[in-house]
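In what follows, a structure is listed as structure tokens, so that the remarks can point back to it.
Bear in mind that the values here come from a model prediction, so they are computed numbers and not experimental data. FYI, side chains are in, hydrogens and waters are out, and symmetry mates aren't considered; it's all heavy atoms of this structure. Protein chains get the first letters and strands the later ones, always in sequence-line order, with residue 1 at the start of each.
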Amino acid sequence: MNIPFSSFLLRKMNIATASMILWVITLSGVVWVYASATSNFSLTVNAGTLSVDIVDASYVTVGSPTVALGAVTAGFGCQAATGTFGTSSQVIYVKNPDAADNGWTVSLAGSATTAVWDSAGTDIDFNDASSAGCSDGADADAFKWQLTVNPAAGTLAAGQCSSCGTSNITKGSSSAFVEGVTDSITLLTGASGSDDFGDWRLTGVAISQTVPAEQGAASDYDINMTLSILAS
Amino acid sequence: MNTSLSSFLLRKVNIATAGVLLTSLALTSVVWVYAASTSNFAQTINAGTLSVDIVNSSYVSVGSPSVTMSAKTFSFSCLSGGSASTGTFGAAEQLIYIKNPDAADNGWTVSLAGSATTAVWDSAGTDYDFNDAGTSGCSDGADADSFAGQMTVDPSVGTLATGACASCATTAVSKGTSAAFVEWSTDSITLLTGASGSNDIGDWKLTGVSISQTIPAEQPAASDYDVNLTLSILAS
């Protein structure tokens with residue numbers, strides 16, 4: 001019997017198709033391979049927190065940082081007691097983990113503008129400008145005394161950041177607290193050109209406190225001063 | 001037009017929300033406070049040293065303070081009372097200066113004494129005494145030496161004033177009374193007493209303390225008689 005070639009192929013094709021369908025049905029009971037593709041792994045690095053702190057030489061926060069001014073002797077003339085803010089074991093530590101690319105400013109202020117050097121005896125002021133702190137001026141309290149801060153005398157250095165420099169970071173100039181006028185004093189300014197990722201250490205900020213005449217002897221004068229950092 | 005309450009509130013909420021957003025945007029363009037750290041600054045004022053000294057008008061210590069008594073002419077009789085040699089202890093440039101820099105809150109006493117109870121008006125010739133009570137200094141009494149002579153000190157006629165302390169007063173500070181040195185019984189004479197009510201922090205100056213010295217009869221003429229007297233201050 002003669003079978004046309006086309007019919008022959010069709011029949012052969014049907015066999016092949018049937019075999020294929022049979023294989024597919026058989027394999028589907030085992031495993032299906034759908035596709036092989038490239039997976040996209042994503043990761044976000046968030047900016048850290050811009051901060052200023054007092055740390056030790058290992059960059060561990062100091063729990064209760066202190067500054068002890070040199071003792072003076074009670075006298076009848078106005079005098080000055082001096083000290084240093086920022087030492088090798090109590091470092092003023094500024095950290096900018098890509099949080100303030102436009103720069104930042106570190107300032108020092110009293111815990112309040114009405115803060116005083118507290119004592120069990122007679123308190124004394126830190127921001128009275130009258131006679132350079134030697135007499136009580138027109139501020140809110142009746143106490144004398146004025147604190148002068150001179151960051152320019154300090155030493156600035158990069159911290160843990162191995163690639164950072166101190167470029168575009170400037171120390172503030174000497175200034176004295178005046179209630180209502182100079183309530184905070186700039187210690188450091190990071191310009192926009194400073195490292196976006198960086199940390200810095202400041203030590204040796206000179207502190208000078210006017211001690212008024214006839215101030216009573218006591219060993220318990222103290223005041224809290226607060227560091228803060230502001231992004232530009 | 002009637003407007004439902006919910007629609008009204010929704011519009012108000014939108015205004016409030018817009019306000020908050022606007023304020024937030026405004027603030028973010030000013031400053032951000034990220035962190036702060038507080039340090040405790042501590043200060044000690046030590047009490048100074050309670051002291052008495054002889055200073056000039058600038059309160060500078062006088063290296064070798066001196067008192068020049070009035071010269072007397074040789075006499076065969078005792079020069080006592082109104083005839084005695086006189087002087088003034090505490091002058092404009094040699095102030096008796098007391099300083100209490102919070103060192104003696106309960107008060108203090110300033111006294112004058114001879115450099116020793118056996119001290120005398122020394123001379124290359126014949127010495128004489130400053131603390132012999134025999135006949136008011138006109139004769140040698142029962143003390144350790146064989147010289148006559150007696151010194152009387154009268155602080156009550158002096159002038160007391162505050163020193164460099166601007167807020168101090170002479171309240172509760174009193175001058176002593178006139179007294180004469182007597183070996184073993186009055187070896188020191190009180191010039192000033194600061195009671196407990198006097199300024200805890202204060203300084204004072206005393207001038208014009210009257211000094212009178214009885215000179216025994218027939219004391220040889222000489223220009224080198226001198227004796228050292230010492231000021232001291234004691235806290236109460």
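- Of the two parts of B:Asp105, neither the backbone nor the side chain holds a non-hydrogen atom closer than 4.5 Å to a non-hydrogen atom of chain A.
- Heavy atoms only, all atoms of each residue included: A:Phe76 and B:Gly202 are closest at CZ-O, 3.0 Å.
- Side-chain atoms of B:Asp102 never come within 3.5 Å of backbone atoms of A:Ala74 as a donor-acceptor pair (strictly under, hydrogens ignored).
- For chain B, the option among A:Thr66, A:Thr73, A:Val72 with the highest count of heavy-atom pairs below 4.5 Å is A:Val72.
- At a 4.5 Å heavy-atom cutoff, B:Asp200 makes no contact with chain A through either its backbone or its side chain.
- With values rounded to the nearest 0.5 angstrom, A:Asn224 atom CG is found 6.0 Å from B:Thr38 atom OG1.
- Between the side chain of A:Gln215 and the main chain of B:Ile45, no donor-acceptor pair closer than 3.5 Å is present.
- B:Ala166 touches chain A through backbone and side chain together, each having a heavy atom under 4.5 Å away.
- Between B:Phe41 and A:Trp117, the two ring planes are perpendicular [angle over 60°; tilted spans 30° to 60°].
- For the pair B:Ala164 and A:Glu214, the tightest heavy-atom approach, listed with the atom from each and the gap, is O-OE2, 4.3 Å.
- When heavy atoms are compared at a cutoff of 4.5 Å, A:Ile207 approaches chain B solely by way of its side chain, counted from C-beta outward.
- Distance check: B:Ser39 OG to A:Ile223 CD1 gives 12.0 Å after rounding to the nearest 0.5 Å.
- Neither the backbone nor the side chain of A:Asp118 comes within contact range of chain B; no heavy atoms are under 4.5 Å apart.
- Residues A:Gly70 and B:Gln43 approach most closely at O-NE2, 3.4 Å, considering heavy atoms.
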